[in-house]
Amino acid sequence: MKELSAIASQVKASTTLELDALYKQMKADGVDVIGFAAGEPDFATPEHIKYAGISAIVNNDTKYTPAAGTIQLRKAVCQRLKEDMGLDYEPANIICSSGAKHCLYLALKALINPGDEVIVVEPAWVTYNEIVRMVEGVPVSVLTRETDDFMLTPEELEAAITPKTKCIMLNNPSNPTGMLYYKEELEALAEVCVKHDLYIISDEIYCNLLYDGLKFTSMASLGEEVKKRTILINGVSKSYAMTGWRIGYLAASKEIISVVAKYLSHSTGNPSAPAQAAALAALTGPQECVEEMRKAFEERRNYMVYRMNTIPGVSCLKPEGAFYVMMNITALLGKVIHGKLINNADDFGEVFLKEGLVCIVPCTGFGDPHFLRWSYATSMENIKEGLDRLERFLAE
Ligand SMILES: Cc1ncc(COP(=O)(O)O)c(C=O)c1O
């Protein structure tokens, strides 16, 4: 038989999903293991959103919709972007699709020719490098350091740019670091992008999950020159606990939208109609649920960061957004723990899962083998038990 596509064959499986699958298998086998790998809120989708989805089905709102999403949903996206970020977009600037992940893929499809370089700020969500490769682009990583709060500087960005650079992918606040770019920091990066005529794929999926009273600045709000180069990515998954509904959106110039819309119309077509109705209820309905979940995440973050920094051998920064903590294990490298020599985060992750019965994500796949990512999108009870286990595991 002839070979499969070389491009498709080279795509690596998402390490976060693999680990989560292993954890679920252990759990199904009756092992008392606690998982901190999954990047999804543990809350149920709020009731009024669920009922909007149910009534859409009951009322036969189950047909094809425009490929870019219903006009009502696109209007609702514009309204949220206006109210929350001060952005002016029309429905013709919006595409609603099957999750923010798919929107990222569509954005790259619209921009990238084979061999174009895409700057990926690492540690980065594992999907970034893979989707760049899937569109035949070349990911160029720029590794940020914990000592710089994992923030990309304009100088580092400038140094990574070549004549082949087409765009940068920036996740703010970041999965996995939890760090937030403030307005001035974004302005400095945007200036470099405008100077070099780069597009900016601004993944703002965690924009509602900020702590310590911090306020979010959208990349597209930094003036017309920046806005016209920005493809804003967002969705309902993280803000409204709607990961399984699969609705994300993309806001960009009409030129970009028309290219994306054509791709969409010949590939997935519209996202699920009942899910669009539920997303409409999420975006236009009461927003208190978002704040309630945010508060719970903030409490969990405070506890996790405090506890982690009292345990000898590991440490972490205090993240400002999203729901992840990066645990630094540099002090443990070269040591033998529970019979295993720890050379990197993968070694630690494996032995901690098997012997400590806690599943966390080695950041090797995110670009830095000195760290493992804990997600605090799980109950406080689990967080306390997980950290108790870490303490015992390292003390034994
Ligand atoms: C940085 C980032 N962007 C996008 C997504 C995907 O969101 P969605 O569920 O809407 O596809 C995730 C999910 O983990 C994420 O961490």
* Asked: Is there a side-chain contact between L170 and L186, using heavy atoms and a 4.5 Å cut-off?
  -> yes
Are any side-chain N or O atoms of [X] and backbone N or O atoms of [Y], one a donor and one an acceptor, separated by less than 3.5 Å?
X: R373; Y: A37; result: yes
X: S221; Y: T217; result: no
X: D116; Y: I112; result: no
X: R301; Y: P319; result: yes
X: S174; Y: N171; result: no
X: D148; Y: R145; result: no
X: S141; Y: L143; result: no
X: R300; Y: Y376; result: yes
X: S5; Y: I7; result: yes
X: N328; Y: S315; result: no

* Look at the aromatic rings of H102 and Y105 and report parallel, tilted or perpendicular, splitting at 30° and 60°. => parallel
* Structure fact -> Quick note, salt bridge (charged side-chain N to carboxylate O under 4.0 Å, His left out) partners involving residues 382-391, not counting sequence neighbours, are D32-R389, R307-D388, R307-E391, E385-R389, E385-R392
Which atom pair, heavy atoms only, marks the closest approach of [X] to [Y]?
X: L250; Y: C103; result: CD1-O, 3.4 Å
X: L341; Y: G334; result: CD1-O, 3.5 Å
X: M327; Y: W374; result: SD-NE1, 3.4 Å
X: W245; Y: T45; result: NE1-OG1, 3.1 Å

May I ask you to check whether [X] and [Y] show a side-chain donor-acceptor distance below 3.5 Å?
X: S202; Y: E204; value: yes
X: T144; Y: E156; value: no
X: D61; Y: Q276; value: no
X: Q25; Y: D29; value: yes
X: Q287; Y: E291; value: no

* Passing option when F352 is tested against F393, F36, Y23 for ring pair (Phe, Tyr, Trp, His ring centres under 6.0 Å) -> F393
* Report the distance from atom OG of S239 to atom CG of N234, rounding to the nearest 0.5 Å. => 6.0 Å
* How about K166: does its NZ atom have over 12 heavy atoms from other parts shown lying under 6.0 Å from it? -> yes
* Asked: In this structure, are over 12 heavy atoms from other groups packed under 6.0 Å from F297 atom CZ?
  -> yes
Lys/Arg-Asp/Glu bridge criterion (N-O < 4.0 Å) met for [X], [Y]:
X: K228; Y: E224; value: no
X: D197; Y: R229; value: yes
X: E292; Y: K295; value: no

* Asked: Honestly curious: do M85 and L73 fall in one hydrophobic cluster under the side-chain, below-4.5 Å linking rule?
  -> yes
* Single-linkage hydrophobic cluster, 4.5 Å side-chain cutoff, V118 and I131 together -> yes
* Does K227 make a cation-pi contact with Y89, if we ask for NZ or CZ under 6.0 Å from the ring centre and within 45° of the axis? -> yes
* Assert yes or no for the condition that the ring centre distance of F371 to Y324 is strictly below 6.0 Å. => no
* **salt bridge (Lys or Arg N to Asp or Glu O under 4.0 Å) assessment of K195 paired with E191** => CA-CA 6 Å; K195 181 174 142 199; E191 200 181 310; over 6 Å; no
Side-chain donor-acceptor pairs under 3.5 Å in residues 259-266, sequence neighbours left out?
residue : atom : partner : partner atom : Å
S265    : OG   : K262    : O            : 2.8

